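To start, I am sharing the structure in question, which I have written as structure tokens.
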There are 2 protein chains.
Amino acid sequence: MNQPKRYLNIVSEMRDMIREQNIRPGDRIPSERELAEKLAVGRSTIREALRSLELLGLIETRRGEGTFLADPRKHRLVELLATFILQDTKTLEDVRETMCIHETAAIQAICASDASKLPVWESLRERLDGHEFIREDFVRELMVLSGNRLSLKIWFLLKQYGGNPYDGEVMPEERPLLKNILHAIEQQDAETAIRDFKAWSSVLIKGENAQWQ
Amino acid sequence: MNQPKRYLNIVSEMRDMIREQNIRPGDRIPSERELAEKLAVGRSTIREALRSLELLGLIETRRGEGTFLADPRKHRLVELLATFILQDTKTLEDVRETMCIHETAAIQAICASDASKLPVWESLRERLDGHEFIREDFVRELMVLSGNRLSLKIWFLLKQYGGNPYDGEVMPEERPLLKNILHAIEQQDAETAIRDFKAWSSVLIKGENAQWQ
DNA sequence: TTTTGAAAGTGGTCTGACCACTAATCTTTC
DNA sequence: GAAAGATTAGTGGTCAGACCACTTTCAAAA
């Protein structure tokens, strides 16, 4: 009979230990040697468990310092999922379309919430007039302000896989359109904001920026 | 300067090897000792990489036999998502919201395309009247008909992870609402379809089906 | 007081040694 | 010759010990 693998026990024991001792993100976890002694197993077994958790982004290890519980924002499960989802369904068109789905949903969410009244918009408008304002920053700001971290994470991944359509900095000709979007959001006019946003992004995608390069 | 960790290299080299040599699910992977020699690293390093992949369910190891590429259906990513992240309620909220984003986007896409004229809708209406029509089938049909396979796949994963709100079969009281949705789609009236859809799903989620159980 | 450098502790890696288990092969027995 | 049993090679599972590279600490030297 195959015995259950020890390193899997270690994984769950670690999880219990973290909960019981109320270890919080950023806190240090006992060293590998300590854990090996405490749990009465070899250090290599401990390491197999820790490396598994590290691949998931649940812990961070820093040579010479120790092992630390990772910030939940650094969890890599979604990334790992992405590498497998996008294996077979990596039609570029689907990726772009799905990005757009998340972007418009973000605008919709912002318009429906108090975020539309934040002072962020004014400062965004000012940064827009300055030099070196990257297109991606504009969209990312919207995704962040939507308040849905999962959606933000998915969007970020799609951007990496689908080739970033928001590469490069905002050209003077684009500014009026972007300002219209900001204005519509402040007015909580989702419909207009989304229409203008789609007008902007479709030029970037279809025209390969030819119009504004 | 901290060097990149070798076991991570191994992980990606393994992925490349699997693709290049066209190893398929169920096939055997070279033994740990072979891999160690071929990649010029210690066996323990190989094991750290393999154990990580095993925790994800990407490979299976059988003592005395060897290591095998796992069937994609055995991938444990979703399960891991649940065990490690589900505690945070905000995350669960994000999952539900992101599901909704994809669902409404699907309805929007259908209404804007020729799919709204397909004979599917009539047959769907008929199945709705029959017995044993599972709620999930209804939504999945919409996701499929949207034509965005990536969006469908993301939706499917979110459903597993976030607890399926569309569990159980359609109750008689729900049918009018669902028929309204179908009708609105056929009329390409996305706004009405989405409003009614949200009305339906919000009852399922918030009310925990109490109203219709 | 500041600087330096030695020491202790940590993760990263390798080696070699067992153990438990499987499957193929060989040997014995009928 | 065929079936049953024993042997053996190969595999993953685990452990112990040894280095290395790196960080932090703290006491000694300037």
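Everything quoted here is computed from the prediction, not taken from an experiment. In what follows, chains are A, B, ... by sequence order, proteins preceding strands, each numbered from 1.
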When you measure from the side chain of A:E34, which nucleotide among D:dG13, C:dT10, C:dG12 comes out closest?
C:dT10
Checking contacts here: which listed nucleotide (D:dT14, C:dC21, C:dG11) is nearest the side-chain heavy atoms of B:R63?
C:dC21
Take the protein atom OH of A:Y7 and the nucleotide atom P of D:dC15, then report the distance between them rounded to whole Å.
15 Å
Return whichever of B:E65 or A:G42 has its heavy-atom-nearest nucleotide of DNA chain D closer to the 5' end.
B:E65
Taken to the nearest whole Å, CD/A:E37 to C1'/C:dG9 is 14 Å
Taking 4.0 Å as the cut-off, does a side-chain nitrogen or oxygen of A:T61 come that near to OP1 or OP2 on C:dG12?
yes
Under 4.0 Å: is that the gap between some side-chain N or O of B:R62 and OP1 or OP2 of C:dA23?
no
Out of D:dT14, D:dC15, C:dG11, whichever nucleotide has its closest atom nearest the side chain of A:E48:
D:dT14
Whole-Å distance between C:dC19 C1' and B:R47 CZ?
13 Å
In whole angstroms, the gap separating P of C:dG11 from CD1 of A:I29 amounts to 10 Å
Return the nearest nucleotide to the side chain of A:E32; candidates are D:dG12, D:dT14, C:dG12.
C:dG12
For B:W121 and B:A115, indicate whether the former's side chain and the latter's backbone hold a donor-acceptor pair under 3.5 Å.
yes
Could you state the atom-to-atom distance from CG of A:L35 to P of C:dT10 in whole Å?
10 Å
Of A:E54 and A:G64, the one whose closest nucleotide on DNA chain C sits nearer the 5' end is A:G64
So for B:R33 and D:dG12, does any side-chain atom that can act as donor or acceptor lie under 3.5 Å from a complementary atom in the base?
yes
Look at the side chain of B:T45 and decide which nucleotide, out of D:dG12, C:dC14, C:dT10, has an atom nearest to it.
C:dC14
Starting from C1' on C:dG12, measure out to CD1 on A:I59 and report it in whole angstrom.
14 Å
After noting the C-alpha distance and the side-chain angles of B:I101 and A:N148, does the key distance pass the side-chain contact (heavy atoms from CB on, under 4.5 Å) rule?
CA-CA 11 Å; B:I101 287 173; A:N148 185 331; 4.3 Å; yes
Within the structure provided, determine whether A:T67 and A:E60 are in side-chain contact (heavy-atom separation under 4.5 Å).
no
Go through A:D189 and A:T192 one step at a time and tell me if the side-chain hydrogen bond (donor to acceptor under 3.5 Å, both in side chains) criterion holds.
CA-CA 6 Å; A:D189 180 0; A:T192 303; 2.5 Å; yes
Toward the 5' end of DNA chain D, which comes first, B:P30 or B:S44, by nearest nucleotide?
B:P30
Whole angstroms only, please: what is the CZ-C1' distance between B:R43 and C:dA17?
11 Å
Within 45° cone and under 6.0 Å: A:K159 NZ/CZ vs A:F156 ring
yes
For A:R51 and C:dG12, give me the distance from atom CZ to atom C1', rounded to whole Å.
8 Å
When you check the phosphate oxygens OP1 and OP2 of C:dC14, does a side-chain N or O of B:R6 lie under 4.0 Å from one of them?
yes
